[in-house]
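Hydrogens, waters and symmetry mates play no part in the numbers below; they use all other heavy atoms, side chains included. Lettering follows sequence order; numbering is per chain, from 1.
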Amino acid sequence: MPLAPMVRAEAVHKSFGRNEVLRGIDLEVAPREVMCIIGPSGSGKSTFLRCINHLEKIDAGRLWVDGELVGYREQGGRLHELPDRVVCQKRSEIGMVFQSFNLFPHMTALENVIEAPVKVKREPVAVASERGRALLDRVGLGDRLDAHPRQLSGGQQQRVAIARALAMQPKLMLFDEPTSALDPELVGDVLNVMRSLAEEGMTMIVVTHEMGFAREVGDSLVFMDSGYIVEAGRPRDVIGNPQEQRTKDFLSKVL
Amino acid sequence: MTGLTADPAVPPGAARQRPAAIRAVPLRHPWRWVSAVVVLLVLAGVIDTFVTAPQLHWSVVGQYLFNGQILQAAVVTLYLTAIAMIVGVGLGVLLAVMRLSVNRVMSSVSWFYIWFFRGTPVLVQLFFWWNIATILPTLSVGIPFTHIMWSESTNKLITPLLAAILGLGLNEAAYMAEIVRAGIISVDQGQTEAAHALGMRRPLVMRRIVLPQAMRVIVPPTGNETISMLKTTSLAYIATVHELFFTQQEISNFNYRIIELAIVASIWYLAMSSVLTVFQYYIERHFARGSVRGLPPTPIQRLRRMLFQFHAQPPFVADVEPWLEANPPHSGM
């Protein structure tokens, strides 16, 4: 009996105006699974990720995280929108890392990390700071606690961003092209942090162009194009032996 | 200095001797000198006209500059500026947040407020508050359908100062709301998104993440507004507030030294706005933290650096050789 999925999507649709970005996404992510999503830009990868923590509302279909509907509750056969308070509470259990880091520039690295635990979870500053220090130490920035984001390199900023997300002790981590904005020589440090997270058993969904990471760390690989899942399976199989012509075309360009 | 290549701190590419710094003859700008002379001549003419004007008594200016009434009036002007700006900024932030609210009622109320108070002259608004007693002789606040009620004579309640604070503050709030709104919009959308993704709710995101970053955009025009307010308080004369303008007019009504007292008031307005300008510089510097790698130097630091660099500069071309010997490039010192 497999574990109940951490994320389950059923025929998820999303449009921005007339532009249909997601046209029926079905997938399941098991606890402790690392799923990588690849595909050309504009294929809907990032939008799907943002739907999972309800930064975007889906138009049709169903989306569950940890067995609970995202953004709604079902009662008497109808969907009711959840109040802001509940949506935020659920978001706080899902960590998200952005392509452009989005660290808070007016705060130091440590202040970035402890902001949400202190203000959202109401942890005492001392407790949050202690864990924040440990987390920054873990991502290799134990000596840059008081640095402002602008004083850090892109790779360092992204590692602070990962520590910031982990500080909320999430049950699921979403990575939206975490290394796409980095200089090539800084990518490795960030991927190593993600790899060690995966080894610890964190459930992760990673939108990425790093095929090496997808092959070595990912448990599953999804190839998306123009709002559909074209092909999914074990990374080795999808990358090594793609079945669909579109997958072959895409891989031939990125590999 | 041939032993440079042996220095382990110097990378191989930099091993060559650094050539002497360029000391070119600077380009001359004769027209700058000509224009400076013209400006000085015009300035001297203007000053001469006023200083030697037979009807202008500078001794009167000196006599009234530190007059007790004038000093007191300057304090009232500063006080009124401060209170009106506090009302304006506080209400302005509230209006800006309401204007950007997803709640349609809130944004409509804010839109209407800004439309109304920005669209009518502040002098008319002051006039309205000062004369409100003529249409509402008593002001009452009560809980509807009960007998709990508080009421007061409007004339007693609306003092000249309160009328001025209402008129200036409520008007200022409309302008401040637009300034704050511009600041909020200037903050990268990704900041809000990242905060939401951490589970932070709207009011918290606004207070902790967006507004502190918006300050950088908000502070400069707010300084501008404050200096503008300092002078706009002169309109409070219509509500008989004894600020600088009204007081100098009262005095000149007695002694007929109209221009002299206008000069006295102008000197005080200039002095106070100069002080505010200095404050503004330091506040802007404070809010630049995090958005620039290094803070801009304060004027005092700049002066010190200028003096220091003056000494550290190499002397003229003729003495470059001995200077280079004393300060060898890449010496690691």
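For F104(A), the parts lying near chain B are the backbone and the side chain together; criterion is any non-hydrogen pair under 4.5 Å. Heavy atoms closer than 4.5 Å to chain A are found in the side chain of L204(B), but not in its backbone. At a 4.5 Å heavy-atom cutoff, E93(A) makes no contact with chain B through either its backbone or its side chain. Residue contact with chain B, scored on non-hydrogen atoms closer than 4.5 Å, involves the side chain of R50(A) exclusively. Heavy atoms closer than 4.5 Å to chain B are found in the backbone of I94(A), but not in its side chain.
Within 6.0 Å of the OH atom in Y72(A), the count of heavy atoms belonging to other residues, nucleotides or ligands exceeds 12. Atom CD of E185(A) sits in a sparse spot, with 12 or fewer heavy atoms from other residues, nucleotides or ligands closer than 6.0 Å. Within 6.0 Å of CE on M272(B) lie more than 12 heavy atoms contributed by other residues, nucleotides or ligands. Heavy atoms of other residues, nucleotides or ligands lying less than 6.0 angstrom from CD of Q189(B) number 12 at most. The environment of K57(A) atom NZ is sparse: at most 12 non-hydrogen atoms of other residues, nucleotides or ligands sit within 6.0 angstrom. Atom CD of E130(A) is surrounded by 12 or fewer heavy atoms from other residues, nucleotides or ligands within 6.0 Å.
Proximity of H54(A) to H196(B): side-chain heavy atoms (C-beta onward) are nowhere separated by under 4.5 Å.
With hydrogens and angles ignored, the 3.5 Å screen pairs a side-chain donor or acceptor of Q191(B) with a backbone N or O of L103(A). A donor-acceptor contact shorter than 3.5 Å is absent between the side chain of H106(A) and the backbone of V210(B).
Between the CG atom in N112(A) and the CG atom in L198(B) there is a gap of 9.0 Å [rounded to 0.5 Å]. From K119(A), atom NZ reaches atom CZ of R207(B) across 6.0 Å, with rounding to the nearest 0.5 Å. Here the SG-CZ distance, from C88(A) to R202(B), works out to 8.5 Å after rounding to the nearest 0.5 Å.
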Stepwise side chain to side chain contact (heavy atoms under 4.5 Å, CB included) check, M96(A) with E193(B):
CA-CA 10 Å; M96(A) 187 158 190; E193(B) 241 166 47; over 6 Å; no

